Amino acid sequence: MPETKKCPLCKKPFIGYGNNPAPFRGESCCDDCNREYVVPLRIYLISENPNYALRFKEDGTIEILRPKNQYFTLEELQEAVGGLIELYPNRYHDKLIVCDEEGLLKERPINSKFASLTSIELVGDIVLCPSHIFEEPDEEES
């Protein structure tokens, strides 16, 4: 009889060998999480210049975010994280980590999906963003 395992991403039981969840932590994940999270994240991380960011929502889902124009504006990033943005001091695979600087004050929960990926325990919605699609500086600032 096949062994029942627990998926480290969705916490649901599954039967069979499962899939390698890397870059997430764990031994094996279910087919649904492999399709919804693992494969898209692997593609994103190996892309040299993706024109989109990934939002890790506090409810455990991950979605693609595209800027309205060529670059994300401050307002777009604030809307994505639900508050004032803060750039986490470290990067993940050369991608910027954007979170709500008041997330703890708002008592947002730890983003478990993001923590499972990075081992960084941030709260609320988090955006993983390539630096080349941040808002273009004004010519006067250059």
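Quick note: residue numbers are just sequence positions, from 1. Since we're looking at a predicted model, the values are computed, not measured. All values below come from the heavy atoms of this structure, side chains included, with hydrogens, waters and symmetry mates left out.
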Please report the C-alpha distance between Val98 and Ile126 in whole Å, then the side-chain angles of each, then the deciding distance to 0.1 Å, and finally whether the side chain to side chain contact (heavy atoms under 4.5 Å, CB included) criterion is met.
CA-CA 6 Å; Val98 182; Ile126 299 161; over 6 Å; no
[atom1] of [X] to [atom2] of [Y]: how many Å apart, nearest 0.5 Å?
X	Y	atom1	atom2	answer
Ile120	Ile97	CD1	CD1	4.0 Å
Cys30	Lys12	SG	NZ	7.5 Å
Glu75	Ile85	CD	CD1	9.5 Å
Leu96	Leu77	CG	CG	9.5 Å
Asp125	Leu65	CG	CG	9.5 Å

Residues that [X] engages under side chain to side chain contact (heavy atoms under 4.5 Å, CB included), provided they are two or more places apart:
X	answer
Pro8	Cys29
Cys129	Ala53, Phe72, Val127, Ile133, Phe134
Glu79	none

According to a hydrophobic-cluster definition based on side-chain heavy atoms being under 4.5 Å apart (Ile, Leu, Val, Met, Phe, Trp, Tyr only), do [X] and [Y] belong together?
X	Y	answer
Leu41	Leu9	yes
Tyr71	Ile64	no
Val81	Leu54	no
Phe24	Leu128	yes

Would you list the pairs meeting ring-ring contact (aromatic ring centres under 6.0 Å, His included) in which at least one residue belongs to residues 46-66, sequence neighbours left out?
Tyr44-Tyr52, Phe56-Phe114
Name all pairs fulfilling the ring-ring contact (aromatic ring centres under 6.0 Å, His included) condition that reach into residues 76-104, sequence neighbours left out, sorted by first residue then second.
none
Co-members of the apolar cluster containing [X] [side chain, <4.5 Å]:
X	answer
Val123	Leu104, Ile110
Leu84	none
Val39	Ile43

Pairwise side-chain hydrogen bond (donor to acceptor under 3.5 Å, both in side chains) hits with a residue in [range], at least two apart:
range	value
residues 53-66	Asn51-Arg66, Arg55-Glu63, Glu58-Arg108, Asp59-Thr61
residues 29-43	Asn19-Asp31, Asp32-Arg35
residues 110-124	none

All pairs passing salt bridge (charged side-chain N to carboxylate O under 4.0 Å, His left out) where residues 91-101 contributes a residue, at least two apart:
Arg91-Asp94, Asp100-Lys106
Any non-hydrogen side-chain atom of Pro40 less than 4.5 Å from a side-chain atom of Ile62?
no
Atom of Ala22, atom of Val38 and distance for their closest heavy-atom approach:
O-CG1, 3.4 Å
